[in-house]
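Taking it in order: structure first as structure tokens, then the write-up.
Only heavy atoms go into these numbers, but all of them, side chains included; no hydrogens, no water, no symmetry mates. Since we're looking at a predicted model, the values are computed, not measured. Both ligands and their constituent atoms are indexed starting at 1 by order of listing.
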Amino acid sequence: MARPEKSRNIHEPPLYTEFRPVGMGGMMDAVIMTIDEYEAIRLSDLEGMTHEQAAEEMGISRPTFTRLLDSARTKIADMLVNGKRLLIEGGNVNFRFMIIRCADCGHMFRIRSDHIPEACPVCGSKNLILMAPPFGGRRHRGGHGRGRHGRGGPWGKGPHR
Ligand SMILES: [Zn+2]
């Protein structure tokens, strides 16, 4: 195994993790973008950060950030030009915030990763789903890190490969 790399800080998990060209069957090749590559695109090309600022935000070196960004852009170009599916998943990442959806009332909210609530603030349900694609839509049942693995919701279906 390669030497362990430091985990990258990611603001929050991506809400949209699969894209595909319209009008083709389901058989096109897929490009897999890791969540740290996704974050590099977001910080640089959407938020307009410099490589230095974005590297600091993710807790990595500037050359590492530049490599991530280059890799992410190449994947986007491959998807656009060659009509491939794009899946966003995996990577050695650490989310600052989580997005949680209540399975009962559908309420979605963002919360610091170390302050996961016991219950939905709207309806009080404890049937909360953590939106974390790399873990396949883990269902959270209160407590910390003891949620059982579920398959509910649009983010819970796992990769289609
Ligand atoms: Zn609710």
Side-chain angles (χ1 to χ4, degrees), residues 4-26 28 30-49 53-60 65 68-69 71-73 75-76 79-80 84-161:
E5 69 183 14
K6 202 172 155 226
S7 70
R8 287 84 193 262
N9 294 325
I10 309 293
H11 184 72
E12 67 192 35
L15 280 181
Y16 309 102
T17 58
E18 179 172 356
F19 300 84
R20 63 170 70 219
V22 172
M24 297 193 34
M28 71 288 286
V31 172
I32 312 289
M33 178 180 289
T34 58
I35 291 169
D36 42 357
E37 289 172 339
Y38 158 89
E39 186 75 344
I41 287 280
R42 191 183 72 81
L43 293 175
S44 171
D45 297 349
L46 196 61
E47 299 293 326
M49 287 187 184
Q53 290 169 330
E56 166 93 18
E57 176 80 10
M58 292 180 71
I60 57 181
F65 178 82
L68 277 179
L69 185 61
S71 173
R73 286 175 174 169
K75 289 176 180 181
I76 290 173
M79 166 207 159
L80 289 177
K84 295 182 179 178
R85 295 159 66 210
L86 177 70
L87 303 176
I88 304 175
E89 63 186 36
N92 184 10
V93 300
N94 170 42
F95 297 115
R96 283 205 188 82
F97 291 84
M98 297 301 303
I99 297 172
I100 291 178
R101 185 166 65 90
C102 172
D104 289 322
C105 76
H107 178 58
M108 280 180 65
F109 53 105
R110 175 185 289 104
I111 198 100
R112 274 181 50 177
S113 299
D114 54 353
H115 286 79
I116 307 284
E118 295 288 320
C120 172
V122 171
C123 75
S125 166
K126 295 193 173 180
N127 203 10
L128 303 180
I129 298 172
L130 269 179
M131 298 305 183
F135 311 114
R138 192 151 60 94
R139 188 176 289 260
H140 188 78
R141 291 259 182 207
H144 296 281
R146 285 183 282 107
R148 97 184 145 76
H149 290 263
R151 294 204 144 242
W155 295 275
K157 287 183 254 167
H160 308 272
R161 272 179 296 166

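Salt-bridge annotation for Arg96 and Glu57: present, with a side-chain N of the basic residue lying under 4.0 Å from a carboxylate O of the acidic one.
Between Ile35 and Glu89, the closest side-chain pair of non-hydrogen atoms is not below 4.5 Å. Contact of the Ile116 side chain with the Leu128 side chain is not registered, since no non-hydrogen atoms from C-beta on lie closer than 4.5 Å.
Residues forming a salt bridge (charged side-chain N to carboxylate O under 4.0 Å, His left out) with Asp45 (at least two apart in sequence, or on another chain): Arg73. Looking at residues two or more places apart in sequence or on another chain, you find no side chain to side chain contact (heavy atoms under 4.5 Å, CB included) involving Glu56. Among residues two or more places apart in sequence or in another chain, the side chain to side chain donor-acceptor pair (under 3.5 Å) test is passed with Ser71 by Glu37.
Within the protein, the number of N/O/S atoms found under 2.8 Å from the Zn ion (ligand 1) is 4.
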